[in-house]
Structures are given as structure tokens and as C-alpha cells.
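So the structure is just underneath, and the comments pick up after that.
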There are 2 protein chains.
Amino acid sequence: MSARATDERSGARSTHRAVPREKALTRQAEDYLKVIYEIEQGGSPAATTDIAEQLGIAAASVSGMLQRLARLGLVKVERYRGARLSASGRLIALQLIRRHRIIESFLVTKLGYGWDDVHEEAERLEHAASADLVDRMADALGNPTADPHGAPIPTAAGRVDERRLSSIADLPIGARARVVRMSDRDPELLRYLKKRGIVPGAILRLVEREPFDGPISLTVGRAKQSIGATAAAAVYVEKLARTDR
Amino acid sequence: MSARATDERSGARSTHRAVPREKALTRQAEDYLKVIYEIEQGGSPAATTDIAEQLGIAAASVSGMLQRLARLGLVKVERYRGARLSASGRLIALQLIRRHRIIESFLVTKLGYGWDDVHEEAERLEHAASADLVDRMADALGNPTADPHGAPIPTAAGRVDERRLSSIADLPIGARARVVRMSDRDPELLRYLKKRGIVPGAILRLVEREPFDGPISLTVGRAKQSIGATAAAAVYVEKLARTDR
DNA sequence: GAAATAAGTTAGTTCGTACTAACTTATTGT
DNA sequence: ACAATAAGTTAGTACGAACTAACTTATTTC
Ligand SMILES: [Mn+2]
Ligand SMILES: [Mn+2]
Ligand SMILES: [Mn+2]
Ligand SMILES: [Mn+2]
């Protein structure tokens, strides 16, 4: 209560402040920055349609917001070519991602949430939790470096492991690999994969692949599995030499 | 991500639903309902100006929102006379208060937050936390019935102890009383009172009171204290018979 | 290299939530 | 009783964030 429109998470502590204090971003603006960050990890600037699809909104809405974010200096937009984060936009995105992943870890470890069920809750809490709260959660967890889905947790300063991983879908036949992380978006898919032993840390070998996005056969431990292309694309792995264990 | 404007805390689980599902309220609407509830506890309908003052906004803004809340069937407004919650409005307010108080309890007990420092964080999280999360927190705490400031925690169904308490400011001279709860709004005031031993559970006796909102003398345990009228009004007590212990 | 298609932008609208200024109703004090 | 004051409402404006429809630019395909 007693919070004006601008008094948000980032700090309405002292009523009289000397510092200019940039006003807090809205939930929406934060989520835009996050999906732009994630799309950019693919290598190219974030296209309007891709952002729209990730957020479940119309492309026209994205064009509008990108102009606002550009005005705020958070993204660089090249007309008809997509958006890239500026340094300050990237920092905000990474801090949001940090909050998200620590919250997910906390919910799973301390409150008994299921692995597959935690993303949506975190998607809202990430905008309401202060950096202080998130640091306390991280401490309570022993400052983990990865979330329950294997995704790396950025530091408060915005440093994070950005190495690109290949998905099962990219593996050559015969390759051995360790599952490092998986997409956390679809609870159903996560439950499906878990049931088959495909979780971070699992070691698998690609046996065969049918063309035209056909089924992919692989061994997980001693068991043999066959999964579809969509499922395979959601699992990120690290290739192992045949000698690796 | 992938949340349309209406997909909020209250549940966008199943994409195809039969139930009409009333759309989630905004943070602002929820906070209005909460302050109306709190003002109404004083006995009379919530006046426009009082709501405005509690929320730190202009009275004109309140007039507008009250019409919207009335349209939604959450309040009954009598023009120029103030607003009262409808049954459904009250339920929403009590569920929000439940979330707030459980979150405060959790932050203090499980994450080492200070008693005095927890209100503002809860004020934001209460709108983002699902009922499920809040129930898990309550379980982890052993389902407490009061928050760290002594305020009773409503049940999920919206039942709560609404008995009215008198504040120290109302105590007659010579009365013995037990501190039951205190206002959680002002961290500074809470620290001040705590330093003097005035916390929920403390037993005190009113020794003397100067007129014109003058200082109030009281004993807290064996110590003698003198506090101002504003501080006294923030501490709610239960009178004890002289024989009570 | 032009036509077809896909991607992106602009214009115009809506809704929630705030604001200030001007006006209206209620309460109070003499 | 009625003027002064306090409380409340309306009108008009602004901004963020969404939408659809219509138009423009880029890319692909023949
Ligand atoms: Mn997630
Ligand atoms: Mn989010
Ligand atoms: Mn509180
Ligand atoms: Mn709140």
C-alpha cells in the first residue's frame, strides 16, 4: 500500500533522495528484454515476429514497445531488421534471469515444487522479488550456479556462462553426450522426458535418426528410447568423447 | 513469458476451459480492496479521501476506481458517502491479506528478514504469489495463525478473527494489558517500539497520560517508559484483569 | 527480374490507472 | 439559517500496453 505508480521493486526506500533514480520498468518491459536476450543467444538480432510469438502477443504491439525500449536506451532497433539489447538492457535482462532462476531453484528445493511446475510461478515472482530477497534465497541454497533445469544462474553483476549447447536434435549418430539443461517452458514435455530418464546429468548415446523430423533412437543409461524431434530439440547436451565417462 | 494480459496469478492453467473464469484483478484493484477492508474495520464505510490517503494517490483517482470496482460487483458505493465491500470483494481482500501475512511470516522465519523490514516486500509479492505457493509457505511454517506483527492470518476460505482491539492510546490509567499486535507500516516506528520491549506478547501497565496527545507513561515488564501518542496508537492491546497473569 | 509471400510498420482504437482543474454536495460553526 | 470549509465528483488529459486493419518493405520463388 501507499505506493505510487512508480514506486516499484527497484527501490522506493528513502523518500528524499539525491540520486536521479531511473524509474522502474514494468513487468512487460522486463519480459521483452528477457525474450530479446534469449533470442539473441541464437546469434542474430531478435525479430519482431519472434518476440511476438514468445510473448503471445501481436507483432504490431511489439513494434510499438521496441520504440519505447529504444527511447529508454535499452535496445538498438534497426528498422525491418530486428532489435539488439544495449549494454544496460542486457544487464537488466540478466538480472531478471538471475531472479527467475534463483526463484525456481528455491521453490523446488525449499518448497517442494515439482521440477516441471515451477516456471510459471517464477515468471510472475521474478518481477516482484527485490534483489535483496533473491540474494537471501541464493544464500539459503548455498549460491547454486544452475537452476533445476540446468540453466546457469547469472551473478548479480550480470556475468553468466553463455556457451552454446547443441540439442539432441543436432547430435550425429553414434555420439555420446551428457544432458546439461532443458527448456523449462512446457511442464508436460518435462514430465515426459523425466519419465524416460532424460534429465540434467544423464548420459546418452544417439543410436539412429529417421529423416523428415522422424523419431530419434537413443540409449539412456542401459535403456533404449525413441523420442520425437520436438522433444529432442528441447534437450541441450554436451558431447563426450567415446572415452569420456 | 507467453502470458497474455489476462493470464495472471489466478490461473491460466488449461487453455481450453469450460468455466467462464472471471479475469484476474490488477495489483491496483487488489490493493484498493484491501484498504477498503481495513478502513471498514473501523466501523463505517471507506471514505474516498481515506482510501486516497492510504494509497498515496489523488481523491479523484479513487472516485474513478470505485466506479470500476462497483461495476465488477466488488464494492457497493453510495455517492458522497463512501464504499463498502460486497461479499465477493471481501473474499478477495481477505485472500490478499492472507497472502500478505503468510509471506511476511515466511520472510521473517525462513529468510532472516527483520520484523520491521518485511512489509514493503510483501506488499509486492502478495500480488504475484499463487494460492498454491502461499499454502506451501504456510505448511512450511506449521500453519501459523498470526503474522510477525501479531495480525491474524485469514484462512483460504476467508475466515479471520475480526475482534476489535483497543490501542494503548485508549487504555484507562492503571489498566494492565497484553500487546497483541502492532501496525506494520512504519519500519522506524517498529524499531523504536521493539527497542523499548513493546512487542506482541509484552505485558504493560498504563501509569499516566498527559492531556492534548501528550506523553503516555507505562511500565513494560519492570521498566518504565514514556511514549508519544502516535506510537501509542500503533500498538493494539488486550486488557487484562488485575488478577490475570 | 517480376510476382507472390512473409515480415514489419503505422494508424486508429480501447482499457486501466493516474493526474489537475473546475464544479457540486455535505458538514459545521456562528 | 446560511456562509465557509471540507469532501467528493466530473471533465479532460496522459501514458503504457494491448488490439485490428491497412499499408510498406524484404525475401523467396518461378
Ligand atoms: Mn523458467
Ligand atoms: Mn516474467
Ligand atoms: Mn504488512
Ligand atoms: Mn500490495
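Model, not experiment: these values are computed from the prediction.
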Residue pair Ala59(A)/Thr48(B) against DNA chain D: nearer the 5' end by closest nucleotide is Thr48(B)

Using the benzene-type ring in the case of Trp, are the ring centres of His100(B) and His119(B) under 6.0 Å apart?
yes

Is it true that Asp170(A) and Lys239(A) have a side-chain N and a carboxylate O under 4.0 angstrom from each other?
no

Can you figure out which of dT9(C), dA17(D), dT17(C) approaches the side chain of Thr26(B) most closely?
dT17(C)

Return the value, rounded to whole Å, for the distance between atom CG of Leu25(A) and atom P of dG16(D).
12 Å

Heavy atoms only, 4.0 Å cut-off, all strands: where does Ser63(B) land among base, sugar-phosphate and nothing?
base

So His149(B) and Trp115(B), would you call those rings parallel, tilted or perpendicular, with 30° and 60° as cut-offs?
parallel

So, OP1 or OP2 of dA18(D): does either fall under 4.0 Å of a side-chain N or O from Tyr32(A)?
yes

Is any side-chain N of the basic residue among Arg27(B) and Glu123(B) closer than 4.0 Å to the acidic one's carboxylate O?
no

Ile57(A) CD1 to dT20(D) C1', in whole Å, measures 14 Å

With nearest nucleotide decided by heavy atoms, which residue, Ser61(B) or Arg71(B), maps closer to the 5′ end of DNA chain C?
Arg71(B)

Let me have a per-nucleotide readout for nucleotides 21-26 of chain C, 5' to 3', with B, S or -, counting only protein heavy atoms under 4.0 Å.
B---SS

Taking CZ from Arg68(A) and P from dA14(D), how many angstroms apart are they, rounded to a whole number?
16 Å

Looking at Glu126(B) and Lys34(B), is there a salt bridge between them, counting it only when a charged N and a carboxylate O are closer than 4.0 Å?
yes

Whole angstrom value for the distance that separates P of dG16(C) from CG of Leu33(B):
15 Å

Can you tell me how far P of dG16(C) sits from CG of Leu69(B), to the nearest Å?
11 Å

Rounded to the nearest Å, what distance is computed from the CD atom of residue Glu53(B) to the C1' atom of nucleotide dA7(D)?
13 Å

For atom CD1 of Ile51(B) and atom P of dA7(D), their distance in whole Å
14 Å

Please assess Arg185(A) against Gln54(A) for the test side chain to side chain donor-acceptor pair (under 3.5 Å), listing each intermediate value before the final yes or no.
CA-CA 11 Å; Arg185(A) 294 296 170 76; Gln54(A) 286 296 307; 2.8 Å; yes

Given side chains that start at C-beta, do those of Ile216(B) and Glu210(B) come closer than 4.5 Å, heavy atoms only?
no

d(CD, Gln28(A); P, dC15(C)) in whole Å
18 Å

How would you label the contact of Gln67(B) with the nucleic acid (heavy atoms, under 4.0 Å): base, sugar-phosphate, or nothing?
sugar-phosphate

